[in-house]
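Reading through the structure tokens given below for one structure.
Just so we're on the same page: letters track the sequence lines, and every chain starts at 1. Computed from a prediction, not measured in an experiment: that's the story for all the values here.
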There are 2 protein chains.
Amino acid sequence: MQDVARFAGVSIATVSNVINRPEKVSAATTEQVRAAIAELGFVRNDAARSLATGTTSSIGMVLADLDNSLFVDMAHGAQQGADAVGLRLLIGNAACDMTRQDDYLRLFDEARVGGVLLSPMEDSLAGIERMRSHGRPMVLLNFEQSGADCCTVLVDNEEAGYVAARHLVETGRTRIGFVAGRDYYQPVHARRLGVQRAVRETGGVELEEIGTDGLGFEDGLAVAHDLAGRAADRRPDGIVAVTDEIANGIAEGLHATSAVQVPGDIAVVGCEDNRSARSGPVALTAVQLEGAAMGQAAAELLLEEMKTPAGEHRHRTVMIRPGLVVRASTAVPAPQA
Amino acid sequence: MQDVARFAGVSIATVSNVINRPEKVSAATTEQVRAAIAELGFVRNDAARSLATGTTSSIGMVLADLDNSLFVDMAHGAQQGADAVGLRLLIGNAACDMTRQDDYLRLFDEARVGGVLLSPMEDSLAGIERMRSHGRPMVLLNFEQSGADCCTVLVDNEEAGYVAARHLVETGRTRIGFVAGRDYYQPVHARRLGVQRAVRETGGVELEEIGTDGLGFEDGLAVAHDLAGRAADRRPDGIVAVTDEIANGIAEGLHATSAVQVPGDIAVVGCEDNRSARSGPVALTAVQLEGAAMGQAAAELLLEEMKTPAGEHRHRTVMIRPGLVVRASTAVPAPQA
DNA sequence: CTGAAAGCGCTTACAG
DNA sequence: CTGAAAGCGCTTACAG
């Protein structure tokens with residue numbers, strides 16, 4: 001900047017003004033300074049700028065796992081929200097590693113970013129409190145952190161279960177199966193409640209809750225094996241699987257035996273619509289967790305907090321309603337079938 | 001830091017030393033300072049640090065499209081490389097938008113990151129030159145940028161085509177089809193050459209090159225339609241599709257007619273092994289582009305350049321050999337078939 | 001082992 | 001409209 005000023009024959013204050021408040025500088029001077037900047041290939045030192053102003057033009061986002069498309073969707077949404085106000089979104093991928101998540105939190109804290117978006121996998125109260133105690137705006141995505149003093153964006157998982165089960169009922173299924181692991185994970189519990197509500201609301205529909213060990217493809221296969229061994233009238237004709245992976249495991253397992261057809265004999269719905277799970281034998285109908293909407297809502301909450309004077313901000317929790325993406329796995333059976 | 005120094009009854013220089021060179025400070029003093037830091041919740045201001053030292057502890061990575069798992073793989077690899085030397089990886093997602101790509105390049109430049117990893121979609125010479133003229137280390141991934149003055153990591157696309165075709169030949173296929181769009185994209189051209197080489201090397205194998213308009217699922221469907229209409233001896237028994245999407249389109253199209261079986265009548269190989277393309281009716285055998293290996297190699301080249309005195313560094317190009325992931329779409333037909 | 005002081009490159013009132 | 005000067009929060013030789 002020194003060099004630019006010298007080259008253009010002005011003071012460094014003027015150079016700074018040309019960059020930041022061009023309206024305060026005469027056209028002629030502006031021209032000279034711009035020419036000097038171009039000639040010298042000058043790039044403003046952001047560290048110095050942010051030291052002097054105490055602000056940054058970027059916000060940080062720490063994601064639990066980029067391999068999971070839900071988080072990529074969140075990044076898209078947040079990006080859009082940030083773009084709208086000219087902020088840049090920097091992403092740190094924790095890759096399921098809590099230590100790394102903490103590293104990124106610290107990095108963003110030290111870098112004095114304008115704010116942080118965090119989508120954690122596990123309890124992260126310590127990191128959150130550290131951030132908050134430094135007065136840094138922060139919003140949580142897709143995780144209900146008890147005790148956390150910040151805004152949160154959640155998807156309504158109870159509604160997700162409800163929507164999935166409703167869809168089956170509305171397409172004529174009457175014996176609903178809910179396949180899930182234990183209620184240790186918050187979303188599992190919530191989706192179960194939603195399914196139960198949908199069944200309760202509807203006359204003439206039964207619910208069977210089928211337990212699994214885990215939440216993966218293998219668990220779905222095991223369930224399929226069980227189902228295939230039952231008499232036709234002793235098994236569900238519609239299944240809500242708590243994860244896409246389980247859903248695909250079920251579809252694959254049934255497909256392999258070829259004794260039971262999907263969707264002919266059993267319709268299957270997943271609860272996530274995750275791109276990384278699109279490997280099943282039938283395209284999977286799934287509840288859409290609206291990652292992009294979550295990301296955008298989170299960015300908006302963050303921006304709101306960033307521009308609100310400290311002390312006046314009131315935390316909010318935004319609940320996103322899930323959608324439904326209908327595909328082949330719940331197609332209505334042909335009339336004569 | 002002022003506050004910490006006052007609180008601990010030492011000078012700020014000592015605080016700085018405790019943080020950065022603890023060995024230069026007596027144990028007792030260190031203890032007091034640490035206590036003060038903990039008590040006050042002090043966080044080093046990274047902007048000031050980087051202004052004073054002229055260095056940063058992070059490197060930037062600009063990715064063309066996080067929705068494409070190849071780029072996520074690259075991020076994983078780069079992360080690993082950066083972790084190994086204690087650098088943090090900051091990700092910017094261009095999301096297929098060249099303007100945004102340029103924004104991130106500028107952001108990282110202004111932030112004076114230690115170096116930048118760029119995986120572009122299109123010619124990005126201007127941005128690269130700007131970066132280089134500021135002396136910032138930079139390495140390119142998965143793109144041959146003519147005129148670019150920096151290290152590059154590429155996957156060997158000629159080899160990818162070769163590996164795919166070899167696999168078909170080795171599993172007994174003798175009439176190979178190569179399905180691709182025009183050679184406008186560098187990788188398409190290279191993969192074609194590889195397929196041709198594999199066929200040329202092998203006796204008794206024919207090659208048919210089938211053109212498509214684009215590189216997507218629809219294009220594959222169209223090819224399937226054509227194929228299904230041919231007599232059995234007039235169509236290939238093994239197909240290399242230049243993209244996974246085309247491959248899945250072909251498999252889906254053939255599956256729908258059910259006149260031609262995959263892999264029974266025709267085996268299909270894709271050339272990318274992209275997770276977002278895993279929606280076909282048969283699990284797809286595909287050449288694996290080794291995104292993680294590319295990312296790691298790129299990080300290593302970057303770190304090498306970062307620690308080499310300016311002027312002494314010599315740019316290199318690293319070529320990664322693709323692998324092969326065998327799945328159902330190229331299973332050998334049962335003997336009696 | 002510890003402290004006083006200069007400097008990193010910018011921004012921002014404040015004079016002129 | 002433009003410039004001189006202080007200050008942002010740290011680091012780093014250099015004395016002591």
Side-chain angles (χ1 to χ4, degrees), chain A residues 1-37 40-58 86 88 106-114 134-136, chain B residues 1-37 40-58 86 88 106-114 134-136:
Chain A
M1 197 141 143
Q2 284 271 33
D3 301 338
V4 173
R6 195 175 311 127
F7 192 94
V10 298
S11 76
I12 61 170
T14 301
V15 175
S16 175
N17 280 333
V18 168
I19 296 174
N20 300 306
R21 313 114 143 226
E23 74 281 3
K24 313 211 95 186
V25 185
S26 73
T29 312
T30 301
E31 213 28 67
Q32 281 177 62
V33 173
R34 283 202 199 294
I37 288 176
L40 270 36
F42 166 77
V43 180
R44 183 192 343 66
N45 184 322
D46 200 51
R49 173 195 169 82
S50 101
L51 179 57
T53 64
T55 65
T56 337
S57 65
S58 42
R88 218 116 296 147
R106 245 177 253 280
L107 169 66
F108 287 137
D109 201 10
E110 293 188 356
R112 302 287 194 274
V113 294
H134 303 152
R136 199 160 313 290
Chain B
M1 199 144 141
Q2 285 271 32
D3 301 338
V4 174
R6 195 175 313 128
F7 193 95
V10 298
S11 77
I12 61 170
T14 301
V15 176
S16 175
N17 279 334
V18 168
I19 296 174
N20 300 307
R21 313 113 143 227
E23 74 281 2
K24 312 213 94 187
V25 184
S26 73
T29 311
T30 301
E31 214 28 69
Q32 282 177 62
V33 172
R34 283 202 199 294
I37 288 177
L40 270 36
F42 166 77
V43 181
R44 183 189 345 65
N45 184 322
D46 199 50
R49 173 196 171 82
S50 102
L51 179 56
T53 64
T55 64
T56 337
S57 65
S58 42
R88 218 114 302 145
R106 246 177 254 278
L107 169 66
F108 287 137
D109 201 11
E110 293 187 355
R112 302 288 193 272
V113 295
H134 304 152
R136 199 159 316 288

*Should B/Thr14 be listed as having a side-chain N or O under 4.0 Å from OP1 or OP2 of C/dC1?*
no
*Between B/Thr53 and B/Thr55, is any side-chain donor less than 3.5 angstrom from a side-chain acceptor?*
yes
*Of the non-hydrogen atoms in B/Ala8 and B/Val33, which two are nearest, and what is the gap between them?*
CB-CA, 4.1 Å
*State whether B/Asp109 and B/Arg106 are salt-bridged, where the test is any N-O pair (Lys NZ or Arg NE/NH1/NH2 against Asp/Glu carboxylate O) under 4.0 Å.*
no
*Rounded to whole angstroms, how far apart are CD on B/Gln32 and P on C/dC1?*
15 Å
_Whole angstrom value for the distance that separates C1' of C/dC1 from CD of B/Glu31_ = 16 Å
_What I'd like to find out is whether the side chain of A/Ile19 reaches to under 4.5 Å of the side chain of A/Phe42, using heavy atoms alone._
yes
*Set of side-chain hydrogen bond (donor to acceptor under 3.5 Å, both in side chains) partners for A/Gln32, sequence neighbours left out*: none
*Does A/Thr14 reach the side chain of A/Lys24, with side-chain heavy atoms less than 4.5 Å apart?*
no
_Contact pattern, 5' to 3', of nucleotides 10-16 of chain D - B, S or - by protein heavy atom under 4.0 Å_ = BBB----
*asked:* Within the structure provided, determine whether B/Val18 and B/Pro22 are in side-chain contact (heavy-atom separation under 4.5 Å).
replied: no
*When we call it a touch if two heavy atoms are under 4.0 Å apart, what does B/Ser50 touch: a base, just sugar-phosphate, or nothing?*
nothing
*asked:* For Watson-Crick and G-U wobble pairs within 3.5 Å on both distances, what is DNA chain D written in dot-bracket notation, | included for inter-strand pairing?
replied: |||.||||||||.|||
*When the distance from CZ of A/Arg6 to P of D/dA4 is rounded to whole Å, what number comes out?*
13 Å
*Can you figure out which of C/dC1, D/dG3, D/dC8 approaches the side chain of B/Ser26 most closely?*
C/dC1
*Look at B/Ser11 and C/dT2 and indicate whether a side-chain polar atom (N or O) is within less than 4.0 Å of OP1 or OP2.*
no
*asked:* I need the CD-P distance between B/Glu23 and C/dC1, as an integer number of Å.
replied: 9 Å
*asked:* Taking the side chain as everything from C-beta on, heavy atoms only, tell me whether B/Arg136 gets closer than 4.5 Å to B/Arg112.
replied: yes
*asked:* Please find the pair of heavy atoms, one from A/Asn17 and one from A/Val25, that lie closest to each other, and give the distance.
replied: CB-CG2, 3.6 Å
